[in-house]
Visitor: 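Dropping a structure here in structure tokens format, bear with me for questions.
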Amino acid sequence: MTVESTAARKPSRSSNSSGAGTKRATAKKSPGKAPAKKAAAKSATRDAAQREASPHDVSQHDSELVQLLTPEGKRVEHPEFSIDLSPDELRGLYRDMVLTRRFDAEATSLQRQGELGLWASLLGQEAAQIGSGRALRDDDYVFPTYREHGVAWCRGVPPENLLGMFRGVNHGGWDPNTNNFQLYTIVIGSQTLHATGYAMGVAKDGADSAVIAYFGDGASSQGDVAESFTFSAVYNAPVVFFCQNNQWAISEPTEKQTRVPLYQRARGYGFPGVRVDGNDVLACLAVTRSALERARRGEGPTLVEAFTYRMGAHTTSDDPTKYRRDEEREAWEAKDPILRLRTYLESEKIADAAFFTSLEEESEVLGKRVREAVRAMPDPDPMAIFDNVYADGSALVDEERAQFAAYQASFADSVEEGK
Amino acid sequence: MTVESTAARKPSRSSNSSGAGTKRATAKKSPGKAPAKKAAAKSATRDAAQREASPHDVSQHDSELVQLLTPEGKRVEHPEFSIDLSPDELRGLYRDMVLTRRFDAEATSLQRQGELGLWASLLGQEAAQIGSGRALRDDDYVFPTYREHGVAWCRGVPPENLLGMFRGVNHGGWDPNTNNFQLYTIVIGSQTLHATGYAMGVAKDGADSAVIAYFGDGASSQGDVAESFTFSAVYNAPVVFFCQNNQWAISEPTEKQTRVPLYQRARGYGFPGVRVDGNDVLACLAVTRSALERARRGEGPTLVEAFTYRMGAHTTSDDPTKYRRDEEREAWEAKDPILRLRTYLESEKIADAAFFTSLEEESEVLGKRVREAVRAMPDPDPMAIFDNVYADGSALVDEERAQFAAYQASFADSVEEGK
Amino acid sequence: MAVQKLPIAKAINESLRKALDTDPKVLIMGEDVGKLGGVFRVTDGLQKDFGEDRVIDTPLAESGIVGTAIGLALRGYRPVVEIQFDGFVFPAYDQIVTQLAKMHARALGKVKMPVVIRIPYGGGIGAVEHHSESPEALFAHVAGLKVVSPSTSNDAYWMMQQAIQSDDPVIFFEPKRRYWDKGEVDTDAIPGPLHSARTLREGSDLTLVAYGPMVKVCLEAAAAAQEEGKSLEVVDLRSMSPIDFDTVQASVERTGRLVVVHEAPVFYGSGAEIAARITERCFYHLEAPVLRVGGFHAPYPPARVEEEYLPGLDRVLDAVDRSLAY
Amino acid sequence: MAVQKLPIAKAINESLRKALDTDPKVLIMGEDVGKLGGVFRVTDGLQKDFGEDRVIDTPLAESGIVGTAIGLALRGYRPVVEIQFDGFVFPAYDQIVTQLAKMHARALGKVKMPVVIRIPYGGGIGAVEHHSESPEALFAHVAGLKVVSPSTSNDAYWMMQQAIQSDDPVIFFEPKRRYWDKGEVDTDAIPGPLHSARTLREGSDLTLVAYGPMVKVCLEAAAAAQEEGKSLEVVDLRSMSPIDFDTVQASVERTGRLVVVHEAPVFYGSGAEIAARITERCFYHLEAPVLRVGGFHAPYPPARVEEEYLPGLDRVLDAVDRSLAY
Ligand SMILES: Cc1ncc(C[n+]2csc(CCOP(=O)(O)OP(=O)(O)O)c2C)c(N)n1
Ligand SMILES: Cc1ncc(C[n+]2csc(CCOP(=O)(O)OP(=O)(O)O)c2C)c(N)n1
Ligand SMILES: [Mg+2]
Ligand SMILES: [Mg+2]
């Protein structure tokens with residue numbers, strides 16, 4: 001189940017794996033200035049970011065990583081973050097991850113079949129999304145990017161809803177207030193400000209809900225994300241910034257965005273940052289829950305960096321063989337978020353064979369449901385181009401609509417005539 | 001000399017000083033959430049910005065302030081930053097500050113006389129600007145805001161040059177490459193990216209020059225400034241970010257921009273930040289020099305926060321009595337950057353009465369020169385509107401220029417006819 | 001006290017005050033809008049009376065201001081955002097164009113974006129760079145935004161009421177050099193829909209179309225022309241998106257001539273759209289091509305030469321003469 | 001090997017390669033332009049051959065990309081910046097409009113801004129939101145910028161050469177849905193100035209003006225019209241700022257009719273400027289109002305309905321018929 005193949009892992013990619021060294025290793029050799037100079041650095045100033053021994057140590061902070069379940073499926077404790085889940089809850093998390101992966105694989109294959117124009121797979125990021133998603137209360141509010149299919153699942157958003165924009169029949173189109181799950185946002189980083197504003201509103205209303213904003217490692221470079229840190233800190237807004245550092249922004253490794261771990265960004269804005277093992281669903285749940293509680297208590301924002309990996313291509317349009325080697329992905333397969341929870345569930349006898357079998361069936365049902373729903377999605381009526389441009393209407397849109405309708409009608413006439 | 005009055009300190013402002021409490025103190029009472037909740041905060045996450053005991057402690061970090069000359073004019077040592085200046089150099093710094101203040105006062109009064117449309121006074125920020133400006137080498141490059149008159153002075157920019165845009169005869173108009181001093185930039189924060197790009201170019205050229213970007217406390221909130229931190233860190237660009245925290249962005253105190261001291265911002269981007277007493281010209285010189293040297297050595301960017309105070313109005317259009325109490329300014333008068341250096345020069349017998357007298361004369365000469373230069377500045381030729389829109393010319397501009405010339409000519413004709 | 005004589009700035013202030021008073025969801029946001037009351041004092045006294053929770057001094061970051069306003073709108077608030085000067089709206093341009101303008105359509109109508117963005121705009125105040133621009137065309141081209149500008153105190157009051165009540169984002173351009181011009185405000189009588197043009201002066205020889213700060217210039221031009229025996233009609237467009245082409249068309253069908261006047265550069269400006277559309281609608285009525293008077297294709301010039309740059313009486317009358325010469 | 005048959009994307013690639021080769025000051029900057037070679041492979045192989053110092057993968061921040069390019073230009077470099085898709089240029093809009101466009105004038109000519117901003121633009125590739133827009137009017141309205149778009153491989157090659165050699169900022173709109181269309185490139189013969197329009201097909205009944213992706217549609221329309229006995233002239237505008245009005249005028253003076261076609265929304269689009277200016281210049285020659293065919297005042301629609309939104313053969317011919325009916 002956990003190893004179900006997705007189209008994204010097509011063999012052509014691994015054919016490249018004979019090359020020596022990883023992209024990451026190569027990149028280390030070419031910062032703007034020679035690293036040698038770095039060593040010569042004296043502590044010329046006081047408040048140095050002392051950890052920046054090497055500018056490209058972004059992935060070298062495992063000691064700072066909050067982890068509750070090792071890649072081998074062993075439960076470990078963390079001094080600050082603990083979690084105590086019932087067997088039901090544990091199985092629930094597993095189920096969420098498996099069904100999310102199944103949904104994702106189905107979408108990828110629907111794209112290959114031409115049913116979708118594009119798909120942005122979350123493969124590998126299930127723990128980050130299910131862990132954080134399951135930490136949310138119903139009255140909390142989510143501001144996703146375009147890859148938060150697992151979070152959407154946790155919110156109860158019908159999976160089909162997510163596919164409309166990827167099929168090309170709408171730009172999202174669901175009601176964000178139905179599941180407190182805002183529309184997918186494509187312009188990188190912009191939703192972090194919406195989340196902050198929404199959280200400012202929550203505080204104004206005196207509510208104790210929290211807001212969570214998802215964004216990627218690449219997005220961390222956008223000015224909007226920095227401004228959302230500033231606004232949320234100044235207004236002490238109840239928002240959690242959840243950065244899925246999947247180590248790639250399309251073809252660019254995280255070193256192109258930062259030279260220190262991203263979670264450290266928060267400190268300079270006056271709120272805490274924490275790095276969590278993004279492939280550990282328990283740790284993601286615990287850390288996000290704690291950050292949400294902090295927000296509820298009126299203590300303001302937290303940045304959570306979920307350290308994970310984009311197992312597939314950026315989207316179905318992308319070809320990762322151009323910029324990264326298969327070894328890297330293979331190394332991350334050993335840290336698979338689903339596999340490790342399964343190992344734990346099995347070794348602790350929290351789930352039996354019947355559970356896994358029935359989940360497999362459930363997955364198939366979900367896949368089928370999604371497939372059928374997508375295939376049944378009608379193309380929009382061309383006249384819908386003119387709908388919802390304005391809430392209050394517009395004389396201009398009305399004029400253009402009428403002209404277009406007349407044009408369409410005239411065309412129909414001439415077809416008639418032509419008969 | 002140091003107490004020469006400027007029009008900005010008009011009596012009407014102090015008439016307000018009877019009100020109880022400062023604005024700052026009032027503001028402390030109204031963060032988004034009640035500070036009481038703050039106390040309840042548990043260290044729920046690991047990498048907390050521990051210093052943020054109170055969200056509004058921005059000015060409460062004197063212990064972190066690099067200082068080499070106390071407000072009382074006493075030389076003190078700092079474990080990390082030292083400076084050893086010759087009497088000549090010390091007198092030079094004093095002279096720079098005095099002449100800069102004189103120039104600034106002259107400009108303010110020229111604005112009152114209607115010779116300038118606007119003036120942005122640097123009153124109170126002389127040490128920050130002369131200290132950092134004198135740390136620069138000739139081949140270094142400066143990216144100022146609109147208030148860096150003291151830095152311009154250090155670069156050898158003729159003071160009159162700065163006045164064209166405030167008079168309204170040009171938008172700057174000097175050649176940045178003459179003194180390696182870029183044009184004043186009004187769109188807040190945007191020059192920090194230009195500085196970063198320029199520094200990237202310096203590194204590409206293999207030069208060991210450094211670049212300095214000035215910006216304000218308000219500017220720290222702009223996305224562009226954050227992006228310049230990211231770019232400079234990733235490319236390890238030889239740039240110093242010099243933030244003059246003068247505690248006000250027009251009417252907004254620094255608490256509206258950040259809840260922790262600004263120099264801390266740098267750490268999260270992977271480079272050092274340091275806070276210096278911005279009214280201490282020696283400390284500003286030492287800290288900036290050290291940051292520039294660091295850049296030259298290929299160790300990348302540094303953020304320097306010069307903690308200072310805007311003694312006057314934001315600009316001559318501004319009326320600070322609307323938003324701050326005179327007591328605050330008065331308290332800062334005791335920290336006057338010029339006064340403290342004078343005390344030191346006198347007590348150490350580094351400068352004698354003759355020096356001060358001749359400087360006074362020099363100031364008058366400068367004032368007169370500036371006054372005369374401004375009054376002699378001609379209004380631009382209207383046809384110059386069409387100049388320099390493009391370097392390579394444009395058929396469109398040519399057409400509009402010709403039409404406008406014809407229109408002007410026709411008007412002249414009809415005036416002729418009317419005679 | 002239904003009718004008062006107020007400067008435009010004060011009329012907007014009163015309108016904001018009324019909105020804050022009537023609807024607890026209305027918020028004012030921007031740089032220096034609180035204690036200072038804005039650099040033009042348009043929000044003067046509002047924070048004092050409605051508190052820091054309703055009248056919000058923001059960090060100095062325009063994208064952040066508009067971006068958080070979007071979030072507040074999603075939460076049910078109706079933010080009225082101030083951009084300090086025309087030239088400083090561009091850091092927020094991405095949020096306005098890609099988010100604010102499109103959110104309603106993206107959600108197939110399920111969310112609304114009742115956000116007003118107030119922008120003091122235009123020249124004539126002797127300011128430094130970036131403080132005198134007229135970027136309205138850059139917003140009017142973008143579907144999902146509505147773009148308006150009042151020219152009188154009464155319109156300033158009422159159009160602001162209507163903009164705040166609108167469930168769509170409205171870019172509200174305030175003619176800053178007219179802020180201190182006084183006019184009667186009747187707080188009891190709505191003068192008409194937000195997006196309709198209004199004929200301010202009737203005439204038979206030629207139609208002048210303008211909005212915001214140029215309306216006054218056109219009225220003066222019409223008065224001057226009258227002395228020369230020319231009868232000019234003056235239409236205040238009021239809304240640059242959508243445009244009330246019907247009113248303009250009706251006028252041009254009578255006069256046969258049209259001159260459009262705005263401060264913004266002519267090239268790709270609103271005059272182009274008006275000229276194109278009215279020429280299409282009135283092809284057989286036009287006795288002369290639609291002429292445009294506006295800014296040049298050059299950065300807004302230094303203050304000491306702005307009077308030459310800005311369309312004034314003479315340039316308008318010159319265009320009138322050229323039109324009448326056809 | 002002076003003449004080669006190349007797709008447009010490859011012609012641009014070759015042009016960039018030549019520029020990198022010839023001028024050590026030329027840099028390529030953008031998201032994913034390095035190893036990946038850009039999402040459209042326009043910069044494919046360039047980093048491999050010229051190194052990471054010349055072909056620079058940037059952080060994901062458009063304002064930062066353009067802002068640092070400005071700084072590099074001040075240092076004497078000639079950056080060629082890639083914006084990944086049309087809809088993602090807006091975070092950089094402030095830097096482009098307030099800094100890049102104005103720096104030369106601000107310095108009274110003492111600094112130059114030789115920055116090229118490449119933007120793959122337009123629809124027709126079945127993409128999600130923000131990937132199919134045509135924002136050229138939003139740049140053409142801004143003085144200090146030049147705005148061009150090639151429609152053929154040869155122009156793609158040469159106009160890129162010219163844009164890089166220009167000392168002014170050039171917004172270079174690349175017709176992304178034509179990237180794979182092949183055409184002959186003659187690397188020895190410059191086809192003409194960067195900002196001149198070109199008549200691609202002569203005709204006597206009506207002039208079609210288009211640029212970028214719509215040129216092909218207009219040529220097809222002209223061919224189709226010919227079968228119906230209508231003789232259409234097709235002018236490839238090539239430059240949206242400045243516009244070569246002389247060439248258009250000369251054509252319209254002969255044909256008496258003009259239809260402008262672009263993908264961007266008609267309202268405040270480039271067609272408005274062309275219609276206004278040509279009507280002024282050709283008032284007595286026009287037998288019909290200038291008609292415009294373009295996008296609607298609505299967000300670019302979902303891919304499954306974009307064919308209806310985009311001007312195609314039928315909509316162009318419909319406008320031609322309407323014009324001829326006058
Ligand atoms: C403003 C903007 N610029 C560029 C893009 C194109 N783009 C889409 S996704 C992406 C990379 C995003 O990386 P990251 O933030 O790490 O998120 P991930 O895709 O890895 O989940 C880019 C450059 C965009 N969508 N928006
Ligand atoms: C993008 C932008 N927004 C708004 C303004 C208007 N404005 C000019 S100065 C200023 C305050 C700047 O404060 P700070 O950065 O602290 O610099 P200071 O004036 O104190 O030196 C503001 C809001 C501007 N110039 N640019
Ligand atoms: Mg990523
Ligand atoms: Mg300040």
Side-chain angles (χ1 to χ4, degrees), chain A residues 23 27 30 32 117-118 146 164-173 184 186-190 216-224 249-252 256-258 314 317-320 322-324 377 379-389 394 396-397 399-401 404 407-408 410-411, chain D residues 31-41 44 47 51-53 56-65 67 84-85 87-88 90-92 94 125-132 265-267 293-309 314-315 317-319 321-322:
Chain A
K23 195 236 169 276
S30 50
L118 183 81
Y146 41 80
M165 63 180 275
F166 291 102
R167 183 171 170 87
V169 301
N170 58 42
H171 294 315
Y184 275 179
I186 291 177
V187 178
I188 297 290
S190 51
D217 45 298
S220 70
S221 295
Q222 283 286 8
D224 273 8
I250 308 187
S251 74
E252 298 192 14
K256 292 284 170 213
Q257 318 291 343
T258 182
H314 170 68
S317 297
D318 180 40
D319 173 11
K322 294 279 287 182
Y323 54 82
R324 73 181 190 189
M377 267 183 205
D379 283 357
D381 175 357
M383 294 313 293
I385 290 172
F386 303 97
D387 293 345
N388 301 311
V389 183
S394 154
L396 175 62
V397 175
E399 184 184 334
E400 292 191 348
R401 183 195 283 111
F404 189 63
Y407 162 74
Q408 296 271 61
S410 80
F411 189 70
Chain D
E31 297 156 10
D32 307 294
V33 297
K35 279 219 178 50
L36 183 62
V39 293
F40 291 106
R41 307 295 183 268
D44 199 32
Q47 189 180 68
E52 291 190 17
D53 245 28
I56 306 167
D57 272 333
T58 64
L60 207 177
E62 286 77 8
S63 188
I65 297 170
Q84 201 159 75
F85 282 91
F88 305 140
F90 301 113
D94 176 58
I125 64 159
V128 294
E129 206 187 345
H130 310 292
H131 291 70
S132 307
V266 162
F267 194 60
V293 180
F296 304 114
H297 190 67
Y300 193 91
R304 295 256 175 168
V305 74
E306 71 179 334
E307 287 307 325
E308 315 274 346
Y309 174 91
D314 288 326
R315 275 180 56 210
L317 290 174
D318 172 71
D321 288 348
R322 281 189 286 124

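So that the names make sense, note that chain A is the first sequence line, chain B the second, and so on, each numbered from 1. These figures come from a predicted structure and were not determined experimentally.
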Visitor: Do R41(D) and D319(A) come close enough that some side-chain heavy atom pair is under 4.5 Å?
Guide: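 The answer is yes, as the side chains (C-beta and beyond) meet within the 4.5 Å cut-off.
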Visitor: Walk me through whether M377(A) and R304(D) qualify under side-chain contact (heavy atoms from CB on, under 4.5 Å).
Guide: CA-CA 11 Å; M377(A) 267 183 205; R304(D) 295 256 175 168; over 6 Å; no
Visitor: Which atoms of Q47(D) are under 4.5 Å from chain A, going by heavy atoms: the side chain, the backbone, both sets, or neither?
Guide: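 Interface part for Q47(D): neither.
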Visitor: Which of these passes side-chain contact (heavy atoms from CB on, under 4.5 Å) with K256(A): L60(D), I56(D), D57(D)?
Guide: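 Considering L60(D), I56(D), D57(D), a side-chain contact (heavy atoms from CB on, under 4.5 Å) with K256(A) is found only for D57(D).
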Visitor: Is it the backbone or the side chain of L396(A) that comes under 4.5 Å from a heavy atom of chain D, or both, or neither?
Guide: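 Side chain only.
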Visitor: Using a cut-off of under 4.5 Å on heavy-atom pairs, state which of E400(A), Q257(A), H171(A) scores highest against chain D.
Guide: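 Most heavy-atom pairs under 4.5 Å with chain D: H171(A).
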Visitor: For A219(A), is it the side chain, the backbone, both, or neither that has a heavy atom closer than 4.5 Å to a heavy atom of chain D?
Guide: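 Contact with chain D involves the backbone of A219(A) alone.
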Visitor: Only pairs of heavy atoms separated by less than 4.5 Å count here; which of P59(D), A127(D), P91(D) has the most with chain A?
Guide: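 Ranked by contacts with chain A, first place is P59(D).
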Visitor: Taking the side chain as C-beta and beyond, is there a heavy-atom pair between H131(D) and I186(A) under 4.5 Å?
Guide: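 When only atoms from C-beta onward are counted, I186(A) and H131(D) do touch, with a gap below 4.5 Å.
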Visitor: E31(D) versus E252(A): any side-chain heavy-atom pair under 4.5 Å?
Guide: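 Yes, side chains in contact.
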Visitor: Can you tell which part of R167(A) gets under 4.5 Å to a heavy atom of chain D, answering side chain, backbone, both or neither?
Guide: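 Interface part for R167(A): both.
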Visitor: Tell me, side chain or backbone of V397(A) under 4.5 Å from chain D's heavy atoms, or both, or neither?
Guide: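 It is the side chain, since no backbone atom gets that close.
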Visitor: With a 4.5 angstrom heavy-atom cut-off, which part of D32(D) approaches chain A: side chain, backbone, both or neither?
Guide: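 Both the backbone and the side chain of D32(D) come within 4.5 Å of chain A.
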Visitor: Only counting residues at least two apart or in another chain, list the ones meeting ring-ring contact (aromatic ring centres under 6.0 Å, His included) with Y309(D).
Guide: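 Y309(D) satisfies ring-ring contact (aromatic ring centres under 6.0 Å, His included) with F296(D), Y300(D) only.
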Visitor: Side chain, backbone, both or neither: which part of H130(D) has a heavy atom under 4.5 Å from chain A?
Guide: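 Just the side chain, heavy atoms under 4.5 Å.
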Visitor: Looking at V389(A), D387(A), D379(A), D217(A), which has the largest count of heavy-atom pairs under 4.5 Å with chain D?
Guide: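 The residue among V389(A), D387(A), D379(A), D217(A) with the greatest pair count is D379(A).
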Visitor: Relative to chain A, which of E307(D), E62(D), R315(D) shows the most heavy atom pairs under 4.5 Å?
Guide: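 Option with the top pair count is R315(D).
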Visitor: If I measure from the heavy atoms of chain D, does F404(A) come under 4.5 Å with its side chain, its backbone, both, or neither?
Guide: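 Contact with chain D: side chain only.
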Visitor: Looking at every heavy atom in both A61(D) and S221(A), which two are closest together, and how far apart are they?
Guide: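 Here A61(D) and S221(A) meet closest at CB-O, 3.4 Å.
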Visitor: At a heavy-atom separation under 4.5 Å, does I250(A) approach chain D through its side chain, its backbone, both, or neither?
Guide: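 Both parts, backbone and side chain.
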Visitor: Could you pull out the closest heavy-atom pair between Y323(A) and L36(D), with the gap in Å?
Guide: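 The answer is CD2-CD1, 3.8 Å.
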Visitor: Given heavy-atom pairs under 4.5 angstrom as the criterion, report whether the side chain, backbone, both or neither of D44(D) touches chain A.
Guide: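 Looking at D44(D), just its side chain touches chain A.
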Visitor: Mind ranking G168(A), A384(A), S190(A) by heavy-atom pairs under 4.5 Å with chain D and telling me who comes out on top?
Guide: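 Most heavy-atom pairs within the cutoff with chain D belong to G168(A).
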Visitor: Which residues satisfy the side-chain hydrogen bond (donor to acceptor under 3.5 Å, both in side chains) test with D224(A), sequence neighbours excluded?
Guide: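 Here the qualifying residues are S63(C), Q95(C).
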Visitor: Under the side-chain contact (heavy atoms from CB on, under 4.5 Å) criterion, do Y407(A) and D314(D) qualify, and how do the steps go?
Guide: CA-CA 10 Å; Y407(A) 162 74; D314(D) 288 326; 3.1 Å; yes
Visitor: Where do Q408(A) and E308(D) land on the side-chain contact (heavy atoms from CB on, under 4.5 Å) test, with the steps shown first?
Guide: CA-CA 10 Å; Q408(A) 296 271 61; E308(D) 315 274 346; 3.7 Å; yes
